[in-house]
Amino acid sequence: METTNKVYLQPTPVRIWHWLNAFGIITLIVTGAQIRFPEYISLLTSYKSAILLHNTAGLMVAVSFSLWFFYYGLVARSIRKIYVPTKDDLQFGILRQAKFYLLTYFLGWKNPHHATPDDKFNPMQKSAYMAIMFVLMPLVALTGILLTNVSPLRELVILVGGLKLLVAAHFLLACSLCAFLFTHVYLATLGKTPMAYIKPMWTGWEEVEPGEHSHHTP
Amino acid sequence: MTMRTQPKRTIWLACLILTLALPLAALAVENSDCLGCHADADTVGKTFRIDPVTFDTTAHAEVGCQECHASVTDKHPDDGATPSKANCQDCHDAIGAEYAGSNHHGNATCNDCHNPHVARGATAVSGVDMNRQCEGCHGNLDMVLKHAEWLPQADLHIAMLPCVSCHTASQDNVITMYIIKRSLTGDRKLATFAELKEQAGGKSIQSLIDRNEDNYISLAELRMFNLDSENHTLRLQGMITPEKVTHDFRTLDNRWDCSFCHASGPAARQTSFVSLIQEDGSYLRIAAEKGAVMDALYGTPDFYMVGATRSKMLDYIGMVIIAGGMVMPIGHGTLRFLTRKNRQHKEEE
Ligand code: HEM
């Protein structure tokens with residue numbers, strides 16, 4: 001029996017934030033789908049409750065997103081280190097990681113990226129999370145906030161090209177987030193065991209073999 | 001055959017013309033008689049002035065002043081008598097009975113909501129005009145606050161829906177678009193006839209949007225209107241208006257339920273019109289192409305009803321994006337399953 005080391009990979013605020021977001025976004029996708037396709041989807045009994053739940057979850061996710069930004073950007077000051085890909089990442093890292101996922105993983109090789117609390121994402125994750133956290137999330141939240149206040153913010157709505165364009169943007173951004181979610185959840189099961197990466201997101205601790213650094217958590 | 005029936009026909013025709021022309025001739029004299037003074041605010045004062053251009057095109061012009069003010073004498077106004085005023089119910093007995101049976105009966109008379117000299121059908125007035133009929137007693141802010149207790153975005157609903165769409169059993173709600181103009185101070189209101197006339201610059205205002213003036217507005221014409229930089233102060237605003245207004249003034253249970261309007265899917269919202277203001281203040285409705293408001297972007301950029309007017313094209317694009325997100329789990333997952341032996345071997349080390 002080997003002794004296993006434990007690494008504290010995910011601080012408590014990050015974990016709370018992550019699961020709030022996860023439940024929030026799933027709620028948003030389900031209720032959003034009912035709002036757009038009411039004649040096919042009726043998970044919530046009334047249309048109005050779907051709208052109210054969506055707006056509440058949307059506000060919650062928007063606030064939690066702001067908290068995330070505040071925590072990493074101002075308190076931990078590690079937003080750059082964790083999320084912005086380095087030059088090396090862009091030149092070699094992404095390719096190396098792609099090769100792992102698409103080829104050497106199947107051959108049973110080890111993940112070339114070793115996660116530490118300050119460098120917990122591999123180069124591909126960094127790029128993906130950058131796009132999600134700095135582009136998709138802010139845009140979906142902003143379009144959502146405009147859509148919940150069409151009358152008072154009418155001039156802004158017109159400025160971005162009208163209600164139609166706004167709804168189109170919100171819908172396509174939401175679809176992109178949904179697409180990301182599938183990939184995200186799937187990649188999360190690629191650890192040694194399917195739960196190996198998911199557990200640390202819940203407990204904070206990752207188990208690593210002696211003499212080895214931790215792996216990543218998607 | 002033809003020879004024999006011809007004299008008979010001529011006689012009938014003469015009779016018809018006579019019966020039609022006699023009262024018309026009598027009326028024509030009397031309306032203009034009265035309007036000789038009543039069109040002029042200096043003679044009769046502002047409160048008694050009646051706009052002749054407006055009155056002449058309403059359904060009541062054919063009824064005639066005298067018919068409704070029967071007691072007016074030759075000596076009027078020097079006789080000092082106040083001319084009588086007809087009861088609407090005398091002629092509109094069905095509506096009168098319907099309204100008499102409603103909850104609202106004790107709250108307002110016909111004249112509180114209608115100006116008898118500007119009588120127009122529901123499709124010849126704008127949705128904004130319809131709400132003006134209620135505004136005097138039911139102030140806008142007050143209504144927004146009351147409805148906000150249960151209605152999401154009540155301000156938007158009150159602005160885009162005539163009250164009677166929800167508060168009567170009125171049927172057949174359609175999408176009607178109006179031209180809104182941005183003023184120099186930045187607020188947006190229904191464009192007036194004069195403003196549109198100026199915008200059209202010598203051409204008819206209909207040609208602003210119905211370019212070939214065939215009384216049909218195609219999607220291409222809508223798109224041109226929305227993209228034309230000449231029109232940058234103008235935008236099309238949509239409202240849901242009833243085809244026919246009933247006067248039962250009750251709140252049907254289904255108006256509580258958002259899905260009465262929202263959850264019908266795009267199939268239910270195919271019909272739309274553009275309503276253009278005329279010189280006399282009435283509105284002329286022109287049918288727009290079927291499904292025009294569902295166009296992804298430019299049917300009308302400012303009208304969207306959740307759950308009812310989505311664009312199919314965007315649905316497909318969204319589906320492709322989501323399917324893209326499934327490629328990795330499904331493709332990779334399959335290979336992962338097929339190569340599981342490679343990893344088992346290593347992981348058991
Ligand atoms: C973060 C993930 C989010 C997802 C996945 C999402 C998803 C959706 C979807 C699929 C719809 C239906 C759109 C349509 O009919 O075209 C929708 C509508 C809406 N969403 Fe979101 N949404 C999100 C965030 C937000 C936020 C943060 C807010 C507001 C604070 C918001 C407010 C709204 C509103 C008001 C609508 C109705 C708009 C309309 O379709 O007319 N959403 N959302």
Side-chain angles (χ1 to χ4, degrees), chain A residues 29 33-40 42 46-52 54-55 101-110 147-152 154-155 157-158 161-169 171-187 189-190 192-193 209, chain B residues 150-160 182 186 188 226 235 256-259 262-265 267 295-304 306-311 314-315 317-330 332-333 335-336 338-339 341-347:
Chain A
I29 289 175
Q34 176 163 358
I35 295 174
R36 188 170 178 97
F37 304 103
E39 74 273 38
Y40 301 119
S42 48
S46 90
Y47 193 68
K48 195 166 108 188
S49 46
I51 288 175
L52 293 180
H54 187 89
N55 292 354
Y101 280 136
L102 298 179
L103 183 67
T104 57
Y105 169 84
F106 298 119
L107 304 174
W109 294 20
K110 286 250 149 61
L147 285 173
T148 41
N149 298 284
V150 174
S151 206
R154 175 68 76 181
E155 287 303 316
V157 172
I158 287 176
L163 198 51
K164 270 270 165 68
L165 209 66
L166 196 63
V167 168
F171 173 63
L172 294 181
L173 286 164
C175 289
S176 310
L177 272 176
C178 183
F180 163 77
L181 206 64
F182 289 124
T183 310
H184 179 70
V185 171
Y186 177 74
L187 285 180
T189 66
L190 282 188
K192 218 164 69 176
T193 64
E209 290 153 38
Chain B
W150 59 276
L151 182 64
Q153 304 209 37
D155 45 0
L156 185 63
H157 280 94
I158 297 280
M160 299 302 162
R182 184 176 189 273
R188 293 174 197 271
N226 290 317
R235 293 185 84 91
W256 279 93
D257 182 357
C258 310
S259 53
H262 284 282
S264 41
D295 185 56
L297 294 178
Y298 285 115
T300 156
D302 296 324
F303 183 83
Y304 182 79
V306 243
T309 63
R310 64 172 187 267
S311 136
L314 280 176
D315 288 354
I317 299 175
M319 260 186 264
V320 168
I321 292 177
I322 292 177
M326 290 174 167
V327 166
M328 173 82 183
I330 294 175
H332 198 275
L335 282 174
R336 180 187 183 181
L338 295 176
T339 60
K341 291 224 170 69
N342 289 347
R343 282 182 309 281
Q344 256 167 25
H345 163 70
K346 291 250 160 69
E347 277 159 11

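Numbers restart at 1 for each chain; the letters A, B, ... are given by sequence-line order, proteins then strands. Just so you know, these numbers come straight off a predicted model, no measurement behind them.
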Of all the heavy-atom pairs spanning [X] and [Y], show the shortest one and how long it is.
X	Y	value
B:P152	A:L52	CG-CD2, 4.4 Å
B:I322	A:C178	CD1-SG, 4.1 Å
B:D302	A:R154	O-NH1, 3.9 Å
B:M328	A:T183	CG-CG2, 3.8 Å
B:R235	A:I158	NH1-CG2, 3.3 Å
B:W150	A:K48	O-NZ, 3.0 Å

Side-chain contact, heavy-atom cut-off 4.5 Å: B:R310 with A:V167?
no
Atom [atom1] of [X] and atom [atom2] of [Y]: how far apart are they, to the nearest 0.5 Å?
X	Y	atom1	atom2	value
A:T189	B:H332	OG1	NE2	9.0 Å
A:L172	B:I317	CG	CD1	6.0 Å
A:L163	B:T309	CG	OG1	8.5 Å
B:D155	A:S151	CG	OG	4.0 Å

Contacting moiety of A:Q34, where chain B heavy atoms sit under 4.5 Å:
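For A:Q34, no heavy atom lies under 4.5 Å from chain B.
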Heavy-atom contact with chain B under 4.5 Å, split by part of A:S176
both
Largest heavy-atom contact set with chain A, pairs under 4.5 Å, which of B:G333, B:A159, B:A323:
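Among the listed options, the one with the most contacts to chain A is B:G333.
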Yes or no on side-chain contact (heavy atoms from CB on, under 4.5 Å) for B:I330 and A:F182, after CA distance, side-chain angles and deciding distance?
CA-CA 10 Å; B:I330 294 175; A:F182 289 124; over 6 Å; no
With salt bridge (Lys or Arg N to Asp or Glu O under 4.0 Å) as the test, would you mind laying out the steps for B:D315 and A:R36 before giving the verdict?
CA-CA 9 Å; B:D315 288 354; A:R36 188 170 178 97; 2.9 Å; yes
